[in-house]
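A short worksheet on the structure shown next.
All residue numbers in this chain count up from 1 along the given sequence. Order of listing sets the numbers, starting from 1, for every ligand and every atom in it.
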Amino acid sequence: MDIQSLTNDPEGIIEADRAHVWHHLSQHKPYATGVDPRIIVEGKGMRVWDIKGKEHLDAVSGGVWTVNIGYGRKRMGDAISDAVTKMCFFGGSMGTIPGATFAEMLIDKMPGLDRVYYANSGSEANEKAFKMVRQISHKHHGGKKHKILFRDRDYHGTTIATLSAGGQEERNAQYGPFTPGFVAVPHCLEYRSQDGTTGAAYAAASIKAIEDVILREGADTIGSLCLEPITAGGGIIVAPDGYWEGVQELCKKYEILLHIDEVVCGVGRTGTWFGYQQFGVQPDIVTMAKGVASGYAAISCCVTTNAVFDQFQDDTDKLSFFRDISTFGGCTAGPAAAIENMKIIEEEDLRGNSVRSGEHLKNNLNALMEKHKWIGDVRGMGLFAGAELVADRTRKDPIDEKLVAAIVGDCMAQGVIIGATNKSLPGYNNTLLFAPSLIATPDDIDEITDAVDQAITRVLG
Ligand SMILES: Cc1ncc(COP(=O)(O)O)c(C=O)c1O
């Protein structure tokens, strides 16, 4: 990394950042008292460099599981440049060539789904889905079926409405009051089984717990069930076998739309195009964002079946169409980048690599669990994994959040960026998170888990 080619005033950049940038999810106090904000200046493949020249291996795809194809792809820049030079933007009541082309490519990967609504963040895509459910309720159910079920420990975004569907108490704290009509169902983390059951019995209990909520609220009040295919920031929760069949049956039985939030799992993360495809479910609405263009441009999509779409076609009612807009959903940079992103994933078989390197990651984490009594559970799918840290394996007492942060910090000092559940779940911010780019090789994985091994030894003994 040649910093001079990027800026001739690195100190000035740090000071400008310190003085004026309000960082996401960050306590700024340390920056005011001597710690420099970290400025990332260049990325290539799996690696990023900061403004002081330090190299990092990125095990979390841009911090928040986004850069699925890795950094520094010139053809992504070229595709975006070509698109925006010809036609940068037009409001989404008109179409564009990249928009139409990507929609067709995407629907080809999503049998049973038909329509793509463009927006530009995961939160926004989820808001679109919620608005669709609400409008269907008004238009077709006389205002009934307006409630939206969400699951404890899941996360669907940062706006007030998506936080209303948020199952992470510490994320929500201090931002209420929330939007009415959102109702929680219990999480499905077998390691933290609510009633002590395991395996098939736990899956059955988890489904019964959802059904109990449906019956308590009244099925005629519930419009949709919104779930992450694998709970991401809530601790990498893969539902037990049988869970998804149960979810599908409940949705059918009670005429509830199934909305799957693929903002993290979407576009190859787990080895299939979408997380839900691992479990054989057929959703009515799918939302996606991060991996759609791997962060090279902003784009999100809310994808629906024609059965959903058709409920908005009625030219006898002037208000029946989906009266929603996303200004930047009309940018061509997003779909142009998404087209190229999808081509790269196909050409380089990155989904296959996610499965192969993901297996390697899981094996390494399991080996660390053999070695360190502090790891209580390892879970995940493809290049998406979590290791839950406990102070006592039998009692499963979570490790203190500060120690988890110290492990993440130790890895950072070693030049490896990992993640952890973080000020989200009271008492349970104790899971290390891994979501490297889908280009990760076994050597990259070894480097990541070696750093974790050393960090756990140093911090916990
Ligand atoms: C599962 C899930 N849904 C939605 C979102 C919100 O996406 P965005 O930050 O793009 O609004 C996130 C963000 O991390 C997420 O993890």
Query raised in the report: Side-chain donor-acceptor pair under 3.5 Å between Asn341 and Ser294, yes or no?
Result: yes
Which residue pairs pass the salt bridge (Lys or Arg N to Asp or Glu O under 4.0 Å) test when at least one of the two sits in [range], sequence neighbours left out?
| range | answer |
| --- | --- |
| residues 241-263 | Glu211-Lys253 |
| residues 161-188 | none |
| residues 97-113 | Lys109-Glu346 |

Query raised in the report: Does Arg379 pair with Asp377 as a salt bridge, N-O distance under 4.0 Å?
Result: yes
Query - Pair Glu124 + Lys128, salt bridge at N-O below 4.0 Å - result: yes
Report summary line: Protein neighbours of ligand 1 with a heavy atom under 4.0 Å, given by chain and number, are Ser121, Gly122, Ser123, Asn126, Tyr155, His156, Gly157, Glu228, Asp261, Val263, Val264, Lys290
